[in-house]
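See below for the structure under consideration.
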Amino acid sequence: MNTNHNDQELLWQLRDLRRETMPTNDLWPGIAARIAQHDRPSGDAGNVVPLRRRGARLAPFALAASLVLAVGVAWQQRPDFGVQQVDPTGRLIHREADALTREYDAALRELQAAGTPSAPAGNALQQLDQSAAQIRTALTRDPDARFLLDQLRRTYEKRLELTQRATLS
């Protein structure tokens with residue numbers, strides 16, 4: 001029970017500490033005198049450089065430091081407009097599509113050198129060429145789409161097959 005009494009006594013003492021007390025004398029004149037004495041240059045006691053003037057000399061440096069900090073933060077937080085982040089898989093698919101197109105073009109030139117396709121097949125060949133162009137455009141927009149590469153391969157195969165049939169008949 002003695003500890004409970006001590007706790008109560010400490011609580012009352014803590015409550016007494018919360019009271020605000022005013023200083024008995026004004027402290028500001030002594031503080032101002034010490035600041036003024038500190039601001040005097042060491043060689044000349046009559047020349048006092050006010051704090052405001054010293055701050056004015058440092059203001060351009062503070063402004064420059066603030067500007068550098070603001071630019072640095074803005075640069076770190078900048079959005080990546082126009083930067084396409086393509087992963088290696090996407091670049092690989094794009095290279096495969098380019099190689100596939102080169103092979104297709106070479107095979108098509110070889111077939112066309114053998115003869116001219118018949119007129120009825122011309123419309124179907126144009127549609128296949130348009131489909132291949134649309135697939136290439138879609139691959140540019142979504143370079144990770146492996147299914148587009150497979151679709152391009154099938155379109156080229158159909159185009160070559162139809163060209164071969166049209167030239168041989």
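Source: prediction; values computed, not measured.
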Classify the side-chain pair Arg154/Gln151 by whether it contains a donor and acceptor separated by less than 3.5 Å.
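A donor-acceptor contact under 3.5 Å links the two side chains.
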Inter-residue atom distance [X].[atom1] - [Y].[atom2], 0.5 Å rounding:
{"X": "Arg141", "Y": "Arg136", "atom1": "CZ", "atom2": "CZ", "result": "13.5 Å"}
{"X": "Asp26", "Y": "Ile31", "atom1": "CG", "atom2": "CD1", "result": "8.5 Å"}
{"X": "Tyr156", "Y": "Asp129", "atom1": "OH", "atom2": "CG", "result": "8.5 Å"}
{"X": "Arg146", "Y": "Leu139", "atom1": "CZ", "atom2": "CG", "result": "10.5 Å"}

Distance-minimising heavy-atom pair for [X] and [Y]:
{"X": "Thr155", "Y": "Ser131", "value": "CG2-CB, 4.1 Å"}
{"X": "Pro143", "Y": "Ile93", "value": "O-CB, 3.6 Å"}
{"X": "Leu152", "Y": "Ile135", "value": "CB-CG2, 3.6 Å"}

Taking the basic N atoms (NZ, or NE/NH1/NH2) and the acidic carboxylate oxygens, is any pair closer than 4.0 Å for Asp150 and Arg153?
yes
Count I, L, V, M, F, W, Y as connected when their side-chain heavy atoms are under 4.5 Å apart, and connections chain through other members. Are Phe147 and Leu100 then in the same cluster?
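Cluster IDs for Phe147 and Leu100 match.
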